[in-house]
Amino acid sequence: MNKYLSFFRLRFIMGLQYRAAALAGIVTQFIWGFMEILVFRAFYTANKAAFPMTFTAMTSYIWLQQAFLAFFMAWFMEEEIFDAIINGNIAYELCRPIGIYEMWFSRSVSNRLSRAVLRCSPILIVAVYLPRAYRLSAPKGWLEFVMFIVTMLLGLLVTVAFCMLIYILSFFTISPQGLRILFLSCSEFFSGGVIPLPFFPDRIRAVMELQPFASMQNVPLRIYSGDITGDQMIKAVLMQIFWLCVLIGVGKQICRSVEKKIAVQGG
Amino acid sequence: MRGALGLYFRYISINVKSMMQYKVSFLLTTIGQFLVSFNVFLGIYFLFSRFSSVKGFTYSEVLLCFSIMLMEFSLAECYARGFDAFSGMVRKGEFDRIMVRPRNEILQVLGSKFELTRMGRMLQAIVMFIYGISVSSINWTPGKAITVVLMIISGTVLFTGIFLIYASLCFFTLEGLEFMNVLTDGAREYGKYPVGIYGKRMLQFCTFIVPYALVQYYPLLYLTGRVSNPLYIFIPLPAILFIVPCYALWRYGVRHYKSSGS
């Protein structure tokens with residue numbers, strides 16, 4: 001366990017080094033969030049009755065999504081891992097007396113954490129002090145806030161566990177590009193990255209909420225502003241735990257079978 | 001001039017040939033490009049199945065707007081991709097090699113990369129455009145056809161200008177600036193809706209600072225019959241002027257270029 005923690009720490013400190021890049025990223029995400037709010041505002045004024053969430057819940061959803069982008073966007077993947085698989089450096093990693101799944105997992109989690117730590121607070125602070133219509137409002141209550149933190153961490157783990165599948169599956173294809181795009185565009189759409197899940201028609205939404213993608217950003221961002229409460233909340237958390245176990249289980253299983261008959265590319 | 005064109009097509013043919021060596025990868029990337037913008041389309045579809053119109057614009061009108069914007073963007077991205085990868089060129093000192101050659105620098109940078117995979121996006125745009133036209137109730141006149149053509153030409157030039165700024169800034173920063181994405185990817189992403197829905201300030205910004213509205217919002221008003229003044233046909237043309245300050249910045253950058261390579 002200790003060695004994975006030190007991998008975690010190492011990556012975390014490394015991630016904190018790129019402050020200028022973080023600043024540029026913050027400005028970009030801020031503008032992005034603002035534009036997103038303007039879009040939904042236009043739809044809100046077009047037909048208030050058809051809007052499936054309250055508008056404050058919507059603005060909170062958008063700001064939190066931008067602030068914690070690094071947690072939930074599946075496409076923040078690590079090129080180094082893909083490169084290692086393609087150019088054969090993977091051989092060195094296999095020599096180490098550690099599980100490759102655990103190592104990559106802890107590494108990805110810490111990468112995402114350090115990215116989010118650098119970027120979230122400026123966005124959150126500015127978003128809190130915006131004019132009323134655009135602002136990030138306080139969480140609905142203490143329970144919601146605690147559950148928000150818990151489900152956010154669970155969501156992060158589910159996202160990483162999903163990305164692990166992509167890394168591992170790229171052992172089978174020499175060029176992981178196509179597989180990656182297919183997986184990532186699915187996860188972006190079904191997790192509520194394009195439009196939040198409440199905007200989908202009820203029937204489609206019911207199916208989407210059963211998928212692992214709904215356990216990523218959808219749950220914490222909607223719990224924060226009280227869009228998911230009571231039984232729904234408990235059900236959502238259980239789904240998160242269920243999918244986390246399934247994704248990790250499947251990932252480890254494939255990983256083990258891959259490790260047995262791996263063909264190292266390149267030299 | 002003819003020599004330059006010949007050289008450019010030669011560059012392109014080399015690029016395309018080398019890409020065709022990896023046919024599967026090419027195909028998958030193209031499909032990927034298609035999928036990514038297909039997601040955006042699905043987002044629009046589901047939003048409109050719930051709201052039916054936004055600030056008076058209907059589903060088919062928004063599709064037209066989005067598809068034209070996407071065409072402009074993917075055309076520009078297809079051939080001006082070299083600017084996007086320019087930071088690497090400056091960092092590695094490859095630009096020195098370009099400067100010693102007796103040919104125009106822009107031509108060589110453009111020739112360094114030609115992304116045929118962007119055709120995936122283009123295909124998406126064309127399908128949406130046809131679909132948008134078939135469900136919309138626009139009375140097509142020769143004037144409106146000319147408007148669409150001018151929109152696409154000017155929009156492509158406009159996006160090329162923004163890519164050019166992006167590249168020029170690399171002379172000073174060595175690193176591509178992430179916030180420039182707001183002007184390229186952001187414009188593609190949020191240009192799917194007519195600029196007018198974002199409010200008056202945004203419309204002013206997109207008219208006078210970076211003239212997106214000239215290739216998108218105003219001509220769309222004419223296409224959909226909201227205004228009938230025929231002068232609107234030519235409103236995309238001034239947007240072409242945007243390339244002038246971009247080119248000036250590029251010249252300035254080239255003059256102040258200090259080699260950084262190893």
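Note that these values count all heavy atoms, side chains included, but never hydrogens, waters or copies made by symmetry. Chain identifiers are assigned alphabetically (A, B, ...) following the order of the sequence lines, protein sequences preceding nucleic acid strands; residue numbering begins at 1 within each chain. All figures in this text were calculated on a predicted structure; none of them were measured in a lab.
Of the listed residues (Leu23(A), Leu184(A), Val27(A), Ile195(A)), the one with the most heavy-atom contacts under 4.5 Å to chain B is Ile195(A). When each of Thr30(B), Val54(B), Ile31(B) is checked for heavy-atom pairs under 4.5 Å with chain A, Val54(B) comes out on top. Your options are Leu42(B), Leu47(B), Leu27(B), and the one with the most heavy-atom pairs under 4.5 Å with chain A is Leu47(B). For chain A, the option among Asn39(B), Asn181(B), Thr29(B), Val36(B) with the highest count of heavy-atom pairs below 4.5 Å is Asn39(B). Among Gly193(A), Cys186(A), Ala50(A), the residue making the largest number of heavy-atom pairs under 4.5 Å with chain B is Ala50(A). Counting heavy-atom pairs closer than 4.5 Å to chain B, the top residue among Ile26(A), Thr28(A), Val194(A) is Thr28(A).
Taking CG of Leu28(B) as the start and CZ of Arg180(A) as the end, the distance is 13.0 Å to the nearest 0.5 Å. Once rounded to the nearest 0.5 Å, the distance linking CG of Leu35(B) with CD1 of Ile181(A) reads 8.0 Å. Remark: Phe200(A) CZ to Ser49(B) OG distance equals 9.0 Å, nearest 0.5 Å.
Ring planes of Phe43(A) and Phe48(B): perpendicular class, angle over 60° (limits at 30 and 60°).
Heavy atoms closer than 4.5 Å to chain A are found in the side chain of Tyr190(B), but not in its backbone. Within the 4.5 angstrom heavy-atom criterion, atoms from both the backbone and the side chain of Leu182(A) approach chain B. Contact annotation for Phe34(A): neither backbone nor side-chain heavy atoms come within less than 4.5 Å of a heavy atom of chain B. For Tyr193(B), the part sitting under 4.5 Å from any heavy atom of chain A is the side chain, from C-beta outward, and nothing else. Proximity to chain B involves both the backbone and the side chain of Val39(A), based on heavy atoms less than 4.5 angstrom apart. Contacts between Ile204(A) and chain B at a heavy-atom distance below 4.5 Å involve the side chain alone, from C-beta outward. Using a 4.5 Å cut-off between heavy atoms, Met180(B) does not touch chain A at all.
Residues Ser53(B) and Ala46(A) share a closest heavy-atom pair of O-CB, 3.3 Å. Residue Val182(B) comes nearest to Trp32(A) through the heavy atom pair CA-CZ3, 4.2 Å, listed as atom of the first residue, atom of the second, then distance. Summarising the geometry of Arg50(B) relative to Pro52(A), their closest heavy-atom pair is NH1-CB, 3.8 Å, with the distance given to 0.1 Å. Across all non-hydrogen atoms, the minimal contact from Phe189(A) to Gly43(B) is CE1-N, 4.2 Å.
The shortest distance between side-chain heavy atoms of Phe51(B) and Tyr44(A) does not fall below 4.5 Å. When side chains are defined from C-beta on, Thr45(A) counts as touching Lys55(B), because their heavy atoms get closer than 4.5 Å.
In the displayed structure, Gln204(B) atom CD is contacted under 6.0 Å by more than 12 heavy atoms of other residues, nucleotides or ligands.
Among pairs with a residue in residues 181-193 of chain B, those fulfilling salt bridge (charged side-chain N to carboxylate O under 4.0 Å, His left out) read Asp185(B)-Arg188(B), Glu189(B)-Lys192(B), at least two apart in sequence or across chains.
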